[in-house]
A.B. asks: 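Below: one structure in structure tokens.
Every value quoted in this text rests on a predicted model; they were computed, and no experiment measured them. The chain is numbered in sequence order, starting from 1. Just so it is clear, the values below take in all heavy atoms, side chains as well, and ignore hydrogens, waters and symmetry mates.
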Amino acid sequence: MRVNFYVLAAFLCAACVFWGCSESSESDVSSPEYIPSSNGEDTGNPGDQSSSAKDSTSSPNSASGDAPAGDSSPSSSGSPGNSGGADKVTNSANSSGNTSPTPGGETPNSSGDSAPTSSADAFTYVAPADFVDTVNGASFSLVYVPGGTYTRGCDNCAEQDKIYETPSHKVTVSDYHIATTEVTIAQWNAVMGGKKSSWESDKAPKIGVSWFDANNFACKLGQLTGHQYRLLTDAEWEFAARGGKDGVADNFKFSGSNTADDVAWYSENSGGKAHDVATKNPNKLGLYDMSGNSWEWVYDWLVGYTSGDKVDPVQLTGSGNKTRRGGSYGEPAEFARVSRRAIRSRDGAADMGFRIGMSAKLPQGMVSPCEAANPSAAVCEGDKNRDCRLITATDEAWISDDYTVVIADDGNAAVSGFPNVSGQWYTLNNRSFNVVTKNGTKTYAYYVFSEDELTMISDDGIPYRLYRRAMSEAKNKVTLTSATNPKTLAELIAAVEPERLVTDEQIANPDTSVRDPRIAAESGYTWFFDGRCCGGNHKYRFHLDKSGDAEFVVMDYDDTHHENILAKGRWFTVGNIGLHIVLNGKYFNYLYTSGKRDMSYSEYMPAGPIFCHISFQSYERGDFRIFNKTVYDDNIKRPRGFNGENPVYDAGEYQWGS
């Protein structure tokens, strides 16, 4: 039991969703020479795909996000896309390993005007040599990285970093290509359309990019050039940061040096801003800014390492968020270590950037960037009180590394946990999933990302990030049992507490004076969550005053930074499951549960009342947090940050379901 609750700690920081799409296009394409694979194999963690283990039958679709400037209509994943005006493409290779343009998008003269053809699943082969692609005047310089074996992770790192850096283990990666710099503003605009702002430098890294946006960029770049661009895997990123085969023996703390100032822009030398790429020293592979400047997305979910050798591992599932690497201009030098990994929801952040990679085929289990940016929506028709999007087929289950959920169309459901839960099920307003057991009703708020991904959180604070998979992949088996005296669905709904029953009309036109007393702050108290429980860097305060005023803030973990407002305004609840905060006629929307933790599992998860939420929009949509009842004192306050009394994110439209 104790071990499982330590696993639970890693669940408590979770992910978000914005829509990211690509348009269809009729570009000229070069002849395909291979078809990339998307089949996965399993080793180590159940979601850590490696060619040393058995085949997996499916891989996760991630949820999607807001399209960047230059996008309009969504397309089905895998279809070619209109590239936001980027239509001039050339490419060249240099077997000597030297590339002609200066790093970061500075472009030589080129006579090539026509774009090679491409689709999302057929690409031209690139020889094992450094090469350059040029799109609309912006060059992309890529270094060839011969595969090799190295030790990933760090066993002697700081205690708070060990959750995601230990145990160290041998990893072998195959050959691939990697960009010499982070994607710059010039490169972004050349592919996605748009112009830089007057205060920006073309050579600075493009930041404020979500994981979905980064995949969308790789998708469009691949369609324009005919090359299999993608995000790097976590294992590829660290191998390259260490300098590849010739650099790993140096065992540098940072990428190319043991001295951060030689190779990195970080909080002590950056002046609080990103700098032009390639203005610090490169590492042995000729890569710039692998330490510092902007955080870099990788493909993998962030999950603790397992011991044992691995070959081309990719972490395809996770209960928290995606992985970011390299540190940034706004973080201390320690964050720029080559082994340092940090958690980040897929929404991105002000200092989130990325670097592109490329290989002859996709690593096993990885979906194409077009699909990653644009997953299939969950759509079906069924009874309003049994959301058919949740139903699993006979040989399917919703699966995470630690939980299994089976939801049958005959009205029975089973959820693994502490203890397992089973019984008849129903849903209310596509927001709460309820299992009627012998001992009462267990309620879960839920958010559907896509047809293959689901977030739930229970009324006692257990979070679930689940993926639709074959039942054979489940670590924790559950068995569906039929009720001894089953009730009809109508009978189940008739027994629901009146305060939880909400008509469609009441949802569409809510009574904004209703406030669930269970989550209203008692005098002198508030709701508080410390992200250090699970490898995060932030603390959160969610204050829901009985007067109707609400404030949700984020603060940095080291007690030296400021706090920024994520949401504020007047709050109300709908059906004891929907929490909405109104600000100037716009809304911050959440799902929530309320309950009690019966015992303390750590200083970050004390016993007592808890309040849990799933974000709908604006800040890390689909993310969940578990707040503890806490004394409202100076220990959980900070001076206001860069946005003063204004929320960092704009409020949106009123929403009540996923």
Side-chain angles (χ1 to χ4, degrees), residues 3-4 7-8 10-11 14-15 37-63 77 233-235 299-323 362-368 371-372 375-376 378 389-409 412-418 420-422 425 433 444 446 448-456 462-481:
V3 172
N4 283 328
V7 172
L8 165 63
F11 277 32
S37 164
S38 61
N39 292 327
E41 296 184 351
D42 182 89
T43 188
N45 292 311
D48 191 358
Q49 302 298 304
S50 166
S51 60
S52 63
K54 62 185 180 181
D55 287 342
S56 167
T57 58
S58 58
S59 56
N61 285 336
S62 44
S77 60
T233 69
D234 182 79
Y299 186 87
D300 302 52
W301 288 89
L302 185 60
V303 171
Y305 291 141
T306 58
S307 58
D309 297 355
K310 297 175 177 63
V311 178
D312 291 328
V314 189
Q315 185 64 41
L316 298 176
T317 61
S319 56
N321 297 322
K322 291 292 186 178
T323 305
L362 290 174
Q364 292 195 9
M366 181 185 287
V367 300
S368 75
E371 185 177 353
S376 301
R389 298 175 299 170
L390 306 185
I391 294 173
T392 53
T394 303
D395 58 349
E396 283 185 337
W398 292 102
I399 293 172
S400 71
D401 290 348
D402 296 282
Y403 296 100
T404 302
V405 179
V406 179
I407 305 173
D409 60 4
N412 293 301
V415 181
S416 71
F418 315 106
N420 290 350
V421 173
S422 63
W425 69 279
F433 167 63
Y444 307 81
Y446 71 91
V448 178
F449 284 106
S450 69
E451 63 182 3
D452 294 319
E453 188 180 343
L454 167 72
T455 291
M456 298 196 320
I462 305 297
Y464 305 77
R465 188 175 301 284
L466 302 162
Y467 307 89
R468 190 186 296 273
R469 291 286 183 273
M471 176 65 82
S472 59
E473 296 183 44
K475 287 173 56 180
N476 300 290
K477 307 295 184 182
V478 291
T479 303
L480 284 175
T481 57

A.B. asks: State the CG-OG1 distance between L480 and T392, to the nearest 0.5 angstrom.
C.D. replies: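 Nearest 0.5 Å value for the CG-OG1 distance: 7.0 Å.
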A.B. asks: Which atom pair, heavy atoms only, marks the closest approach of D300 to P313?
C.D. replies: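 Looking at all heavy atoms of both residues, the shortest contact is OD2-O, 4.2 Å.
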A.B. asks: Roughly how far apart are M366 CE and T233 OG1, rounded to 0.5 Å?
C.D. replies: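 M366 CE to T233 OG1: 6.0 Å, rounded to 0.5 Å.
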A.B. asks: Would you call W398 and I407 a side-chain contact if the rule is heavy atoms closer than 4.5 Å?
C.D. replies: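 Heavy-atom side-chain distance check passes, below 4.5 Å.
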A.B. asks: Between E453 and R468 (salt bridge meaning N to carboxylate O under 4.0 Å), is one present in this structure?
C.D. replies: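 Salt bridge: no.
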A.B. asks: Looking at residues at least two apart in the chain, or sitting in another chain, which of them share a side chain to side chain contact (heavy atoms under 4.5 Å, CB included) with S422?
C.D. replies: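 Expected list: A414, T481.
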A.B. asks: With rounding to the nearest 0.5 Å, note down the distance linking CG in D401 to CD in Q315.
C.D. replies: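 Nearest 0.5 Å value for the CG-CD distance: 6.0 Å.
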A.B. asks: So, using side chain to side chain contact (heavy atoms under 4.5 Å, CB included) as the criterion, who are the partners of N420 when residues are at least two apart?
C.D. replies: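 Checked N420 against side chain to side chain contact (heavy atoms under 4.5 Å, CB included); matches are S416, V478.
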A.B. asks: Checking A474 now: which residues fulfil side chain to side chain contact (heavy atoms under 4.5 Å, CB included) with it, not counting sequence neighbours?
C.D. replies: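 A474: side chain to side chain contact (heavy atoms under 4.5 Å, CB included) contacts with I399, T404, M471, K477.
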A.B. asks: For side chain to side chain contact (heavy atoms under 4.5 Å, CB included), just list the numbers for V448 and L454, CA-CA rounded to whole Å, side-chain angles, deciding distance to a tenth of an Å, and then say yes or no.
C.D. replies: CA-CA 5 Å; V448 178; L454 167 72; 3.8 Å; yes
A.B. asks: Between atom CD of Q364 and atom CG of L316, what is the distance when rounded to the nearest 0.5 Å?
C.D. replies: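 It comes to 10.0 Å.
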A.B. asks: In chain order, what residues pass the ring pair (Phe, Tyr, Trp, His ring centres under 6.0 Å) check against Y446, with sequence neighbours excluded?
C.D. replies: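 Ring pair (Phe, Tyr, Trp, His ring centres under 6.0 Å) check on Y446 returns nothing, list empty.
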A.B. asks: How many angstroms lie between atom OH of Y464 and atom CG of D402, to the nearest 0.5 angstrom?
C.D. replies: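 Y464 atom OH to D402 atom CG measures 10.5 Å (nearest 0.5 Å).
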A.B. asks: Under a 4.5 Å cut-off applied to non-hydrogen side-chain atoms, are V314 and Y299 in contact?
C.D. replies: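 Yes, close enough: below the 4.5 Å cut-off.
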A.B. asks: Nearest heavy-atom pair of S376 and S450: which atoms, and what distance?
C.D. replies: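 What the structure gives for the nearest pair is O-CB, 3.3 Å.
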A.B. asks: Is there side-chain contact between L466 and M456, with heavy atoms separated by less than 4.5 Å?
C.D. replies: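 Counting from C-beta outward, L466 and M456 do come under 4.5 Å.
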A.B. asks: Using only heavy-atom distances, determine whether the side chains of R465 and S400 contain a donor-acceptor pair under 3.5 Å.
C.D. replies: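 Distance-only check fails for R465 and S400.
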A.B. asks: Could you check if a side-chain atom of W425 sits within less than 4.5 angstrom of a side-chain atom of I391, using non-hydrogen atoms only?
C.D. replies: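 In short, these two side chains touch, coming nearer than 4.5 Å.
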A.B. asks: Which word best sums up how the rings of W301 and Y467 line up, parallel for under 30°, tilted for 30 to 60°, or perpendicular for over 60°?
C.D. replies: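 Ring orientation, 0 to 90° scale: perpendicular.
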A.B. asks: When you measure from the side chain of K310 to the backbone of G308, do you find a donor-acceptor pair of N or O atoms at a distance under 3.5 Å?
C.D. replies: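 Side chain of K310 to backbone of G308, a donor-acceptor pair under 3.5 Å: yes, one is there.
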A.B. asks: Could you check N476 against Y403 for side chain to side chain contact (heavy atoms under 4.5 Å, CB included), going step by step and ending with a plain yes or no?
C.D. replies: CA-CA 6 Å; N476 300 290; Y403 296 100; 5.7 Å; no
A.B. asks: List the atom of A378, the atom of R389, and the distance in Å for their closest heavy-atom pair.
C.D. replies: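 Closest heavy-atom pair between A378 and R389: O-CD, 3.5 Å.
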